[in-house]
A.B. asks: 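Before anything else, here's the structure in question.
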Amino acid sequence: MQKIMGSHLTLDHFRLASFSLPSSLLHWSKPPPSRTWTVVMTYQQDYLSPCLYPLSALSDIISTVEFNHTGELLATGDKGGRVVIFQREQESKNQVHRRGEYNVYSTFQSHEPEFDYLKSLEIEEKINKIRWLPQQNAAYFLLSTNDKTVKLWKVSERDKRPEGYNLKDEEGRLRDPATITTLRVPVLRPMDLMVEATPRRVFANAHTYHINSISVNSDYETYMSADDLRINLWNFEITNQSFNIVDIKPANMEELTEVITAAEFHPHHCNTFVYSSSKGTIRLCDMRASALCDRHTKFFEEPEDPSNRSFFSEIISSISDVKFSHSGRCIMTRDYLTVKVWDLNMENRPVETYQVHDYLRSKLCSLYENDCIFDKFECVWNGSDSVIMTGSYNNFFRMFDRNTKRDVTLEASRENSKPRAILKPRKVCVGGKRRKDEISVDSLDFSKKILHTAWHPSENIIAVAATNNLYIFQDKVN
Amino acid sequence: MAGVAGPATGSGAAGGDGDDSLYPIAVLIDELRNEDVQLRLNSIKKLSTIALALGVERTRTELLPFLTDTIYDEDEVLLALAEQLGNFTGLVGGPDFAHCLLPPLESLATVEETVVRDKAVESLRQISQEHTPVALEAHFVPLVKRLASGDWFTSRTSACGLFSVCYPRASIAVKGEIRQYFRSLCSDDTPMVRRAAASKLGEFAKVLELDSVKSEIVPLFTNLASDEQDSVRLLAVEACVSIAQLLSQDDIEALVMPTLRQAAEDKSWRVRYMVADKFSELQKAVGPKITLNDLIPAFQNLLKDCEAEVRAAAAHKVKELCENLPMEGRETMIMNQILPYIKELVSDTNQHVKSALASVIMGLSTILGKENTIEHLLPLFLAQLKDECPEVRLNIISNLDCVNEVIGIRQLSQSLLPAIVELAEDAKWRVRLAIIEYMPLLAGQLGVEFFDEKLNSLCMAWLVDHVYAIREAATNNLMKLVQKFGTEWAQNTIVPKVLVMANDPNYLHRMTTLFCINALSEACGQEITTKQMLPIVLKMAGDQVANVRFNVAKSLQKIGPILDTDALQEEVKPVLQKLGQDEDMDVKYFAQEAISAVAQRLRKLDFPVKDSEEPSAPGADKNHFLRPRGPGEDTGKVLPLISRHKETEWLEWLPRRQQRQPSLGVQVQPRDQHISCT
């Protein structure tokens, strides 16, 4: 089924959840929310006895999830530098209910741990981001990055194999050269489908700090990579040269007040990109204006509410993710407690603000102590930009319907994730008395966090990464 | 392969001695699938040999189908394959069968690697010429259509390059279709394809009838020039050149100029950069009248553009622009319309702009003549010689010869000297290196007197620079100076100073003496070498530092050919033999090397050391496939390709990293070179 490049991994290392599907569909909602979500599959990336291999288990933690442009493929990257690609089951008419299923398509080791001898720095193999390229031929291409190096991978299928040698017979035994009287040209014969991943380009040595984002330009020939202080522009064909377009490094590092936290290109305008900062601001730059985009064209910032000011204000206002809507008219940002939607034409405040887990406001002190306050939650749009999804703690993730203003909290966990099961909405109780089915703020598990999620580009299928588990849920199938 | 080169139509034709001649071919065929990329590559490069042995029939029916599906290979192999197939017509049975080559090239034209695709397109273009008009329409045109309507943009981009070769030979009806296909690619959904179409627009326009150019190409051009993607718009500027060449003055004015004016004022700096970069071509294409009316004002705007990249590109074109102006009124025009802007650029805020200007500004002096140069350009040169950026000063100094011809260098020498001295002592060794390289040129123009007076001490100071690269360059510089000023000058000014360093307490400086001797001995000739240099070298053989001693051995080997045999026999030989017994391994090794080299020269004399170290002729077997080979034998022979790549990548990177560190991140280079091409 697959060929693994340069890796010690085999499929045996993964335990896939069974796909036998119960027919009963439970409805969970009262009052009915806008959508009901059913489990399509869960995929646990771990070894048979994780307690024996705690380090291996750590390397299984999924660090990024991304659908390709058609939604046919889903890629995940993990702390161990591996990329696993899932392919959607081909639709078949007699098995309509199976259509949301994703199977492992290819697994490969994208990055290896390295050591920078000049700076005496260890470079982790953890995959920080994966971005798919628009499909250009029968093969698929994706960019994967760790802290320092971006790689372009080609994932291609092969179903033919050449057969017939001149100097060897069918069993591979050498023939006596004297018996060769005719020449044989190899013939191609069909074979089992083999998927192989090959590294096509390695874009290295351009980042002094840790890469946090990569984004493919709509011109299909360039992409950018952003680290804490700089953004570089690359051409896909050229690996030994990149152009620095943003540099916020102060001459004196002691004057450093903010870092770049995320950056993304506009989905249609090749000259526009945004980057967010740890101060909760977003800058929009126009590459037409100047070769160096140190000066922004737009600056999105919400004035701070003085009544909410606290020791943690600055930390929790840091933006952990920024995403353009598919239409390109809005941008969404995630900070520690909220998701905000900004209209590109209104810089002074967001048009919408959604509370993700406001109940944590009282717990910031302990979240600071256990470092959770620095968690970088990502956020995603659905295909039509009408719903927003982002993660929280206790394996909860949140969805906000921008039209109906309804929101829901769902949980991704192995206990309630039998295939076809329907997700129940969860509720966290804020006040003193706890109703049945509610969970109190104090019993939330902060070690179970959902940082990475992805939404199918056109359908209501979502992928949610909870530590080393990947869950795929689908809007209720009728 | 002469054995099988006969009229072999199949394996049977090889006849009686079949085994002997078939074996190498059999190996070649098997190695088409070897795991080692180098061997596969080697086989592909000998594809014509395989085809010749198989004969035209089997090449067509067996080899080509196999190759068509071999597109999984490494890029290098595919590139070689695409190249081979372009010259394959004879091997498949001549022009009548040229179409058999289309399927493998078609599949190569869809791979993702641009170089492979481009090569496949190049080969397809080559083969198209070998098609008869009938075959062209029966086989080639359908292929172009297939590619042009392919699902993936790789195939559609490849199609763009094929229209211009099949259009001229197609029938009227087919021509219409071809134009239709090209039109649709110009408005393709993906920017990749539009870029490919835009870059081939000029080429396609050239083969079209003039009416079609006006009615079809111009609208396409106008559309592409207002594309939403910057990368497409900037390619339209290039097309502008080709299209303008085809049209009359009036048509250019009406059809092309509105678009060009718009491009010169485009919102994106990359498009304006492209206009600046292509300015000379544009100037030639539109002719003198439009240049005066339109291009000069546009150029003035580019010279004061708000983006430094654009100003730098325009500054680079100043000289060419001025050269290409019509002779009549050229001087006035430059003085009134260009020079004021140049004056501004001399004090530009961006150093890349200034250094771009500095690299061409000296060229203006020949155009403007002596008086104008002295009155108007000289102040600019002098200002640039005092510029804070070393690159600007270097660019001025490196182009001094242009000024020398017009006004003589004396006018500049007073300012030149401080500039040179400052560069010579610059903190960055690369700057020092650059100025050393101009020293022989400067010396030639300033004359020996001026040189002795002012610059000689600098040249000697470099010999003790703390950076090796500078010391090395300084020794080479001395050699070039000696070539210029002669041996007498060397004997009086250089050699004594060099030889004094042999007693320096620093062993690196003592070694510099040896390096200088290596470089100078040939230029100085036998007498000086034997009388002045050799004694010093021999004396240094007793140096306490082993590095010096083995360099003595190397030097003796180097200057050996210049010395006469007496000196070799009497003086060099005993010293080398002594060094041959040195306790240090390296000294011994180099002494042995020198002894065997000297021995060759003294062969007639009775030199006691046998030159056992004579390099044995390596049994390298160039036609390696002629030799039977076991399956595991070839592993390890060729360096694994990947590790080699890594290494070179790393090496290439090193100097750049050093360059980049000082101005962190702000790496300003002409960026379009890589952005603009598809």
A.B. asks: Quick check: closest heavy atoms across B:Trp152 and A:Ala138, and the distance to 0.1 Å?
C.D. replies: NE1-N, 3.6 Å
A.B. asks: Could you walk me through whether B:Asp30 and A:Arg184 pass the salt bridge (charged side-chain N to carboxylate O under 4.0 Å, His left out) test, one step at a time?
C.D. replies: CA-CA 9 Å; B:Asp30 284 1; A:Arg184 292 178 66 183; over 6 Å; no
A.B. asks: When you check the side-chain N and O atoms of A:Gln136 and B:Thr154, is any donor under 3.5 Å from an acceptor?
C.D. replies: no
A.B. asks: Between atom CZ of A:Phe236 and atom CE of B:Met192, what is the distance when rounded to the nearest 0.5 Å?
C.D. replies: 7.5 Å
A.B. asks: Locate the shortest heavy-atom distance separating A:Cys270 from B:Asp230; write the atom from each residue and the value.
C.D. replies: SG-N, 3.6 Å
A.B. asks: Can you see which heavy atom on B:Pro191 is nearest to which on A:Ser218, and at what distance?
C.D. replies: CG-O, 3.3 Å
A.B. asks: If you measure from OG1 on A:Thr182 to CG on B:Leu22, what distance do you get to the nearest 0.5 Å?
C.D. replies: 8.0 Å
A.B. asks: Should we say atom CD of B:Glu35 is surrounded by more than 12 heavy atoms from elsewhere, each under 6.0 Å from it?
C.D. replies: no
A.B. asks: When you look at CG of B:Asp189, are more than 12 heavy atoms from neighbouring residues, nucleotides or ligands closer to it than 6.0 Å?
C.D. replies: no
A.B. asks: For A:Met287, does its backbone N or O pair with a side-chain atom of B:Trp269 as donor and acceptor, under 3.5 Å?
C.D. replies: yes
A.B. asks: For A:Ser156, is it the side chain, the backbone, both or neither that has a heavy atom under 4.5 Å from a heavy atom of chain B?
C.D. replies: neither
A.B. asks: Could you tell me whether the side chains of A:Asp219 and B:Gln229 share a donor-acceptor contact shorter than 3.5 Å?
C.D. replies: no
A.B. asks: Could you tell me whether the side chain of A:His268 reaches within less than 4.5 Å of the side chain of B:Glu228, counting heavy atoms only?
C.D. replies: no
A.B. asks: Just how far is it from atom CG of A:Leu292 to atom CD of B:Glu307, taken to the nearest 0.5 Å?
C.D. replies: 6.5 Å
A.B. asks: Only one of A:Arg158, A:Lys160, A:Arg161 forms a salt bridge (charged side-chain N to carboxylate O under 4.0 Å, His left out) with B:Asp69, so which one is it?
C.D. replies: A:Lys160
A.B. asks: Within the structure provided, determine whether B:Arg58 and A:Leu183 are in side-chain contact (heavy-atom separation under 4.5 Å).
C.D. replies: yes
A.B. asks: For chain A, find which of B:Arg156, B:Lys267, B:Glu62 contributes the most heavy-atom pairs closer than 4.5 angstrom.
C.D. replies: B:Lys267
A.B. asks: With a 4.5 Å cut-off on heavy-atom pairs, point out which of B:Thr110, B:Thr190, B:Val232, B:Asp75 contacts chain A the most.
C.D. replies: B:Asp75
A.B. asks: Is the number of heavy atoms from other residues, nucleotides or ligands under 6.0 Å of B:Arg146 CZ greater than 12?
C.D. replies: yes
A.B. asks: Take atom CZ in A:Phe115; do more than 12 heavy atoms of anything else shown fall under 6.0 Å from it?
C.D. replies: yes
A.B. asks: Need one label for A:His269: side chain, backbone, both or neither, based on atoms under 4.5 Å from any heavy atom in chain B.
C.D. replies: neither
A.B. asks: Quick one: pull up OG in B:Ser155 and CG in A:Asn137 and give me the separation to the nearest 0.5 Å.
C.D. replies: 9.0 Å
A.B. asks: So what's closer than 4.5 Å to chain B heavy atoms on A:Phe141: side chain, backbone, both or neither?
C.D. replies: side chain
A.B. asks: For the atom pair OH (A:Tyr165) and CZ (B:Arg33), what is the distance rounded to the nearest 0.5 Å?
C.D. replies: 3.5 Å
A.B. asks: Side chains of B:Phe66 and A:Val187, heavy atoms from C-beta outward: is any pair under 4.5 Å?
C.D. replies: no
A.B. asks: Before you tell me yes or no, could you show the steps for A:Asn166 and B:Val27 under side chain to side chain contact (heavy atoms under 4.5 Å, CB included), namely the whole-Å CA-CA distance, both residues' side-chain angles and the distance that decides it to 0.1 Å?
C.D. replies: CA-CA 7 Å; A:Asn166 285 297; B:Val27 174; over 6 Å; no
A.B. asks: How long is the span from the OH atom in B:Tyr23 to the CG atom in A:Leu167, to the nearest 0.5 Å?
C.D. replies: 5.0 Å
